[in-house]
Amino acid sequence: MAANNIDWSNLGFGYIQTEKRYVSNFKDGKWDDGVITEDADICLNECAGVLQYAQTVFEGLKAYTTEDGRVVTFRPDLNADRLMQSCERLQIPTVSKEKFIDAIEKVVKANIDYVPPYGSGATLYIRPYVFGTNPVIGVKPADEYQFRVFVTPVGPYFKGGAKPITIRVCDYDRAAPHGTGHIKAGLNYAMSLYQIVDAHNKGFDENMYLDAATRTFVEETGGANFLFVTKDGTVVSPKSNSILPSITRRSLMIVAEKYLGLKVEHRPVKFEEVKDFAECGLCGTAAVISPVGKINDHGEEICFPSGMEEMGPITKKLYETLTGIQMGRIEAPEGWIHEIK
Ligand SMILES: *Cc1c(COP(=O)(O)O)cnc(C)c1O
């Protein structure tokens with residue numbers, strides 16, 4: 001779709017193909033320099049490693065326009081670090097931080113008309129990913145890979161304000177201890193699809209996963225970390241080796257402590273404790289924070305005092321401060337805002 005035909009404030013959260021994307025190939029033990037191309041299709045051998053054994057990892061971040069008209073991304077160095085960790089875990093050759101940032105800059109510049117204007121609520125979602133391309137039939141890592149980055153403009157996540165959602169405690173597990181829950185791999189999402197479809201069929205918005213070993217600690221949802229607020233205003237986020245380290249959640253914890261002067265705790269959180277919390281939210285790049293109003297545990301409901309009409313007061317302050325920092329209305333900590341020049 002041509003950028004000048006987009007109605008920014010009525011965009012949904014779906015794939016809209018833009019004109020340009022970044023592609024780099026790994027062959028004979030090294031990455032090439034990478035180019036911008038107009039070809040959105042990938043031609044792969046039927047036996048490609050990614051198709052047979054799901055050897056692929058990804059990232060997700062956004063570019064947007066600040067109040068003073070700069071085009072920026074938020075902490076892309078952390079996405080670069082996380083992609084390296086994901087690559088290492090799946091035996092994929094790593095993409096260096098320099099190469100990652102270069103790719104992000106090139107692809108955003110090539111699609112600069114698709115960066116939504118300030119105030120529209122829309123953003124340009126950036127999807128970097130790496131996958132094994134050569135034929136692999138015996139189980140082993142591929143020898144050749146592609147690193148691609150495409151962008152797609154997405155609408156405001158909450159149209160007409162963020163309404164609290166209802167989630168349920170899920171009977172399936174998301175990630176095993178010592179498994180792959182801490183990396184951003186497509187395989188973690190493939191195995192969550194059954195549960196999310198089932199949750200939606202039963203009228204729930206999301207699944208709350210508990211720790212696979214004991215089913216007594218809170219992990220996360222399929223694609224967002226939990227933040228809780230205690231009745232005395234402490235911000236608590238669950239800690240576990242099988243939770244994906246959300247950049248949004250890590251940033252919100254810093255905002256809570258340094259900007260709002262709140263006490264923060266990153267520690268294992270027992271499911272038993274959840275009923276005593278005052279507020280609950282889900283953190284991720286897409287929505288920043290989605291407020292949770294209700295958790296259904298096999299028919300037993302935990303209803304947060306913040307209710308089903310609006311975000312809890314501390315969740316709201318966190319949301320407004322972080323989005324204010326991102327949009328350039330509030331001064332950002334050193335290194336958080338990466339300008340695309
Ligand atoms: C991407 C992702 C998140 C959110 O991470 P952000 O860096 O904040 O976007 C949380 N959980 C899972 C499982 C994810 O894949």
Side-chain angles (χ1 to χ4, degrees), residues 13 54 56-64 73-87 89-90 97 100 104 123-130 149 151-152 154 157 165 167 170 172-177 179-196 199 205-212 217-228 235 237-256 266 269 280-292 315 318-319 321-323 325-326 335-338:
F13 204 96
T56 179
V57 294
F58 68 101
E59 272 303 322
L61 66 164
K62 286 166 162 184
Y64 44 88
T73 56
F74 182 70
R75 309 187 79 182
D77 53 315
L78 297 190
N79 296 95
D81 289 340
R82 196 168 63 186
L83 185 68
M84 277 193 262
Q85 284 147 19
S86 298
C87 285
R89 180 66 178 81
L90 294 195
K97 192 177 278 196
F100 182 88
I104 300 299
T123 53
L124 187 69
Y125 185 74
I126 307 170
R127 170 52 61 89
Y129 57 118
V130 193
V149 188
V151 297
T152 189
V154 294
Y157 199 84
I165 59 170
I167 66 175
C170 187
Y172 290 81
D173 297 318
R174 190 192 85 87
T180 56
H182 60 300
I183 62 162
K184 214 163 171 77
L187 56 88
N188 290 331
Y189 280 77
M191 49 73 86
S192 75
L193 298 175
Y194 179 86
Q195 294 93 280
I196 194 69
D205 298 297
E206 265 296 346
N207 290 301
M208 169 187 261
Y209 291 102
L210 302 180
D211 77 291
F217 290 94
V218 176
E219 293 259 318
E220 59 174 320
T221 65
N225 286 182
F226 280 102
L227 263 195
F228 298 103
V235 177
S237 87
K239 184 173 181 178
S240 144
N241 291 336
S242 43
I243 292 177
L244 192 282
S246 158
I247 294 164
T248 314
R249 187 258 304 159
R250 286 182 272 163
S251 304
L252 285 164
M253 299 291 278
I254 295 170
V255 165
H266 185 214
V269 173
C280 173
L282 299 176
C283 324
T285 294
V288 182
I289 311 182
S290 312
V292 175
T315 307
L318 284 167
Y319 176 82
T321 311
L322 185 60
T323 51
I325 288 170
Q326 291 178 328
W336 279 26
I337 303 298
H338 182 89

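We count ligands from 1, going down the list as the structure has it; atoms in each ligand are counted the same way.
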Note down each nitrogen or oxygen pair, ligand 1 side and protein side, whose separation is under 3.5 Å; give only atom names and the distance to 0.1 Å.
{"from": "ligand 1", "atom 1": "7 (O)", "to": "R82", "atom 2": "NH1", "distance (Å)": "2.8"}
{"from": "ligand 1", "atom 1": "7 (O)", "to": "R82", "atom 2": "NH2", "distance (Å)": "3.1"}
{"from": "ligand 1", "atom 1": "7 (O)", "to": "I247", "atom 2": "N", "distance (Å)": "2.9"}
{"from": "ligand 1", "atom 1": "8 (O)", "to": "S246", "atom 2": "OG", "distance (Å)": "2.6"}
{"from": "ligand 1", "atom 1": "8 (O)", "to": "I247", "atom 2": "N", "distance (Å)": "3.3"}
{"from": "ligand 1", "atom 1": "8 (O)", "to": "T248", "atom 2": "N", "distance (Å)": "3.0"}
{"from": "ligand 1", "atom 1": "8 (O)", "to": "T248", "atom 2": "OG1", "distance (Å)": "2.6"}
{"from": "ligand 1", "atom 1": "9 (O)", "to": "T285", "atom 2": "N", "distance (Å)": "3.0"}
{"from": "ligand 1", "atom 1": "9 (O)", "to": "T285", "atom 2": "OG1", "distance (Å)": "2.6"}
{"from": "ligand 1", "atom 1": "11 (N)", "to": "E220", "atom 2": "OE1", "distance (Å)": "2.6"}
{"from": "ligand 1", "atom 1": "11 (N)", "to": "A224", "atom 2": "N", "distance (Å)": "3.4"}
{"from": "ligand 1", "atom 1": "15 (O)", "to": "K184", "atom 2": "NZ", "distance (Å)": "2.7"}
{"from": "ligand 1", "atom 1": "15 (O)", "to": "Y189", "atom 2": "OH", "distance (Å)": "2.5"}

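Side chain to side chain, Y125 and R127 meet the donor-acceptor criterion of an N or O pair below 3.5 Å. N188 and T180 form a side-chain donor-acceptor contact under 3.5 Å, judged by distance and modelled atom types alone. With no hydrogens or angles considered, no side-chain donor-acceptor pair links Q195 and N207 at under 3.5 Å.
The shortest distance between side-chain heavy atoms of S192 and Y172 does not fall below 4.5 Å. Looking at V288 and Q326, their side chains come closer than 4.5 Å, going by heavy atoms from C-beta outward. The shortest side-chain heavy-atom distance between V130 and L90 does not fall under the 4.5 Å cut-off.
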